[in-house]
Novice: 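Provided herewith is a single structure, encoded as structure tokens, for subsequent inquiry.
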Amino acid sequence: MSIIDTMSVNAIRVLSADGVQKASSGHPGLPLGCAAMAYELWTKHMKHNPKNSKWANRDRFVLSGGHGSMLLYSLLHLFDYGLTLEDLTQFRQDNSLTPGHPEYRHTIGVEATTGPLGAGMAMAVGMAMAEAHLAAKFNKEGYPVVDHYTFALGGDGCMMEGITSEAMSLAGTLGLGKLIVFYDSNKISIEGSTDIAFTEDVRKRFEAYGFQTLLVEDGNNLEEIGKVIEAAKADLTRPSMITVRTKIGYGSPKEGMASAHGEPLGVDNVRALKEKLEWPSQEPFFIPEEVYANYKAIAQEKTMDEAAWNELFDEYKNKFPEMKDLWEKHHDENIAKDLIDNEDFWAFADKPEATRNLSGLTINKIKKILPNLIGGAADLAPSTKTYMSDMGDFSKNNYAGRNLHFGVRELAMAGIGNGLALHGGLRPYVSTFFVFSDYVKPMARLSALMGLPTIFVFTHDSIGVGEDGPTHEPVEQLAMLRSMPNFTVFRPADATECIAAWYYAITSTNTPTALVLSRQNLPQLSGSSKEALKGGYVVSDSKKVVPDAIIIASGSEVELGINAQAELLKEGVDIRVVSMPSMDLFEVQTEQYKECILPKSVRARVAVEAAVDFGWGKYVGLDGTTVTMKGFGASAPASVLFKKFGFTTENVVNAVKSVV
Ligand SMILES: Cc1ncc(C[n+]2csc(CCOP(=O)(O)OP(=O)(O)O)c2C)c(N)n1
Ligand SMILES: [Mg+2]
């Protein structure tokens, strides 16, 4: 190991220790232990261009153990991605480019938001699937225009999390040969030795998944690390998992101790670290010129990779103009906008239909318009109607297939969906029963936080599930998803609203969308329209200008509102029915629009929805009421349940009368 290599590795350690110390908060242990593997990877084996962090064919690097963010920030600074020394000194401070955990779209060079352990592992699998798919689609003999690796680095925590098992089990099945996972095996997590809660043989587990498993005995030996990385890269038929034996907090007096994990080392220990590393200065954030020069030279060389690729890609585009068009279609996120006026897209058969079926029909229209639409379900495609006919199945033998089979792994599915979106070039959807959105939610939250337009197709949206009973009947999930910032929930009432929901989903650039769809047939409403894109609109108005009352409903309950309206009119009560497929979109309309739909002067209001009433208060106010679920559902035919829980015309009529 040359002196300059040693110093360059230690530069990562020094910056990380100083960053955490200055912030008086953070996690120095991981960066100190992983500095060598990160340096070896980023300098000698990873294809990246610090001058263009968005280069399409770069290798991806996901720091799944997001608490070790100073490792990534130090690398991004030393390679001159645009993070300055000043930025490092602002670690964890308000408005800095160096937040506590890496944040996508916030810091240049950060490929994914990480912090929830294991999430990065699933996202890395998604990225590797995206690479495999796009390579199968685009590469031509002599023109491997999509050809890169995906690297993920995680510690004991990531390996303990179930999501990692789910994701890696799928990665092994799919034989994702360009996925390489680094396991920072320091046998320490927050509460102490991993022996207290985690004694399995992780390598054997990965072997069972179908991985090539490799071992680096000395996590500080660059040569050993380098050899193993090359072995990992060489096996293109299996993903690889590299166990790297490391010491948390390496080089500091807290080396090997849990106390090195998540708190500053302390001034004295930072001093001792620098002495141990024979660092030339005790001055905080001091990096010798020759270290910067070393990184600069490597970074310069790295730019050549992209230059060579650009040349290849230009030739490719000239030689295969049809592929150039296809590439552009894959990378144009506004391609679906024009569908707003496309009659075929909005066409539907005028007969009762479940919105899950209507969604399936819509997906099968979209697949032709958006060649980059890719997706699937967690073993429920026949029920969620998410299969794209004639588009092939993504498998080890056919990465060009556009139908993904996630197996029964909802959490990993959602994380993988995010990885597919993060990679670029694809518009992913994932699917399961709505009640299992509970298993999806943590990754949906990351979609929202990262501003990814991942699409969630949730079917079997209420007690309409019927016989499967309360375990399968969502009641509180709408409230859960509606409460999430930057997340758009749609619960369409019929075909037009369902198509509107899909239109919103495939034109969104920064917001994930959930489509919450019925299992049972729903009638086509004569008053439904593209106004659904405003989230709430008048689907059936009163005869009078100012209605006696307003019913607000979503999905299957809109019909109920309209039936109640007719009954009430017979008794001289003249009401308006507002369909509210998306509270989220209604909320962002102008005050004028909202006042127009829900005039403040009309205080007699009833919300009708086969879910808990949480969230409806602001629409019905103190003078209004709701017809909603008050507890869990039950097991019986759906028609029986709707009656049992009060979703009848008679009950809605009475609710309106009680507030008029
Ligand atoms: C899902 C999730 N649960 C809990 C945490 C809190 N947490 C952060 S780091 C950590 C321990 C991680 O241990 P390890 O991966 O071995 O990291 P090391 O201590 O070796 O740096 C925990 C429990 C988290 N970030 N994400
Ligand atoms: Mg650990």
Side-chain angles (χ1 to χ4, degrees), residues 12-13 16-17 19-20 25-38 62-74 92 99-103 112-124 152-168 181-203 205-206 216 219-220 241-252 254-265 273 410-412 414-415 418 438-447 449-450:
I12 297 169
R13 295 187 168 121
S16 299
V20 173
S25 135
H27 303 78
L30 183 155
L32 293 182
C34 293
M37 70 174 100
V62 181
L63 180 65
S64 190
H67 59 282
S69 56
M70 270 308 300
L71 174 79
L72 186 52
Y73 298 150
S74 300
R92 293 185 159 237
H101 293 83
E103 291 180 26
T113 296
T114 52
L117 295 173
M121 292 291 165
M123 290 189 278
L153 195 170
D156 302 297
C158 282
M159 295 305 163
M160 288 187 228
E161 289 289 355
I163 187 172
T164 301
S165 300
E166 290 183 12
M168 295 307 160
V181 175
F182 290 88
Y183 171 23
D184 169 30
S185 173
N186 57 25
K187 293 191 168 281
I188 291 285
S189 63
I190 291 178
E191 294 183 1
S193 163
T194 51
D195 287 344
I196 61 175
F198 189 54
T199 52
E200 77 213 25
D201 187 329
V202 182
R203 288 185 69 197
R205 210 175 92 202
F206 274 71
V216 172
N220 288 317
M241 181 267 207
I242 305 175
T243 301
V244 188
R245 296 217 196 288
T246 59
K247 294 213 164 65
I248 193 167
Y250 173 83
S252 80
K254 288 188 179 178
E255 178 180 303
M257 291 156 68
S259 60
H261 162 88
E263 61 193 42
L265 294 173
L273 168 75
E410 295 79 10
L411 185 57
N418 287 341
D438 289 349
Y439 278 37
V440 163
K441 198 280 186 162
M443 297 304 117
R445 183 172 192 272
L446 283 180
S447 325
L449 197 52
M450 289 189 277

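Whatever order the structure lists them in is the order used to number ligands and atoms, beginning at 1. Below, each value reflects all heavy atoms present in this structure, side chains not excepted, and no hydrogens, waters or symmetry copies.
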Novice: Kindly assign one of parallel, tilted or perpendicular to the pair His67 and His27, based on the angle between their ring planes and the thresholds 30° and 60°.
Specialist: perpendicular
Novice: Check the pair Leu411, Glu166 against side-chain contact (heavy atoms from CB on, under 4.5 Å), reporting the backbone distance first and the verdict last.
Specialist: CA-CA 8 Å; Leu411 185 57; Glu166 290 183 12; 3.7 Å; yes
Novice: Begin with the C-alpha distance, continue with both residues' side-chain angles, and end with the deciding distance and a verdict on side-chain contact (heavy atoms from CB on, under 4.5 Å) for Tyr183 and Leu153.
Specialist: CA-CA 6 Å; Tyr183 171 23; Leu153 195 170; over 6 Å; no
Novice: Quick one: does any side-chain atom of Thr114 pair with a main-chain N or O of Leu63 as donor and acceptor, under 3.5 Å?
Specialist: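 Here the side-chain-to-backbone pair exists.
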Novice: Go through the steps for Val202 and Thr243 under the test side-chain contact (heavy atoms from CB on, under 4.5 Å), then give the verdict.
Specialist: CA-CA 9 Å; Val202 182; Thr243 301; 5.9 Å; no
Novice: Arg205: which residues meet the salt bridge (charged side-chain N to carboxylate O under 4.0 Å, His left out) condition with it, sequence neighbours left out?
Specialist: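 So Arg205 forms a salt bridge (charged side-chain N to carboxylate O under 4.0 Å, His left out) with Glu200.
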Novice: Using modelled atom types only, decide if a donor and an acceptor are shared between the side chain of Thr164 and the backbone of Met160 within a distance under 3.5 Å.
Specialist: no
Novice: Between His101 and Arg92, does the side-chain contact (heavy atoms from CB on, under 4.5 Å) criterion hold? Intermediate values first, please.
Specialist: CA-CA 8 Å; His101 293 83; Arg92 293 185 159 237; 4.2 Å; yes
Novice: What residues form a salt bridge (charged side-chain N to carboxylate O under 4.0 Å, His left out) with Lys254, not counting sequence neighbours?
Specialist: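 Per chain and number, Lys254 pairs via salt bridge (charged side-chain N to carboxylate O under 4.0 Å, His left out) with Glu263.
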Novice: Could you name the protein residues that come within less than 4.0 Å of ligand 1, counting only heavy atoms, and order them by chain and residue number?
Specialist: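 If the criterion is a heavy atom under 4.0 Å, then ligand 1 touches Leu30, His67, Gly115, Pro116, Leu117, Gly155, Asp156, Gly157, Glu161, Asn186, Ile188, Ser189, Ile190, Ile248, His261.
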Novice: With 2.8 Å as the limit, jot down which protein N, O or S atoms are around the Mg ion (ligand 2).
Specialist: Asp156 OD2, Asn186 OD1, Ile188 O
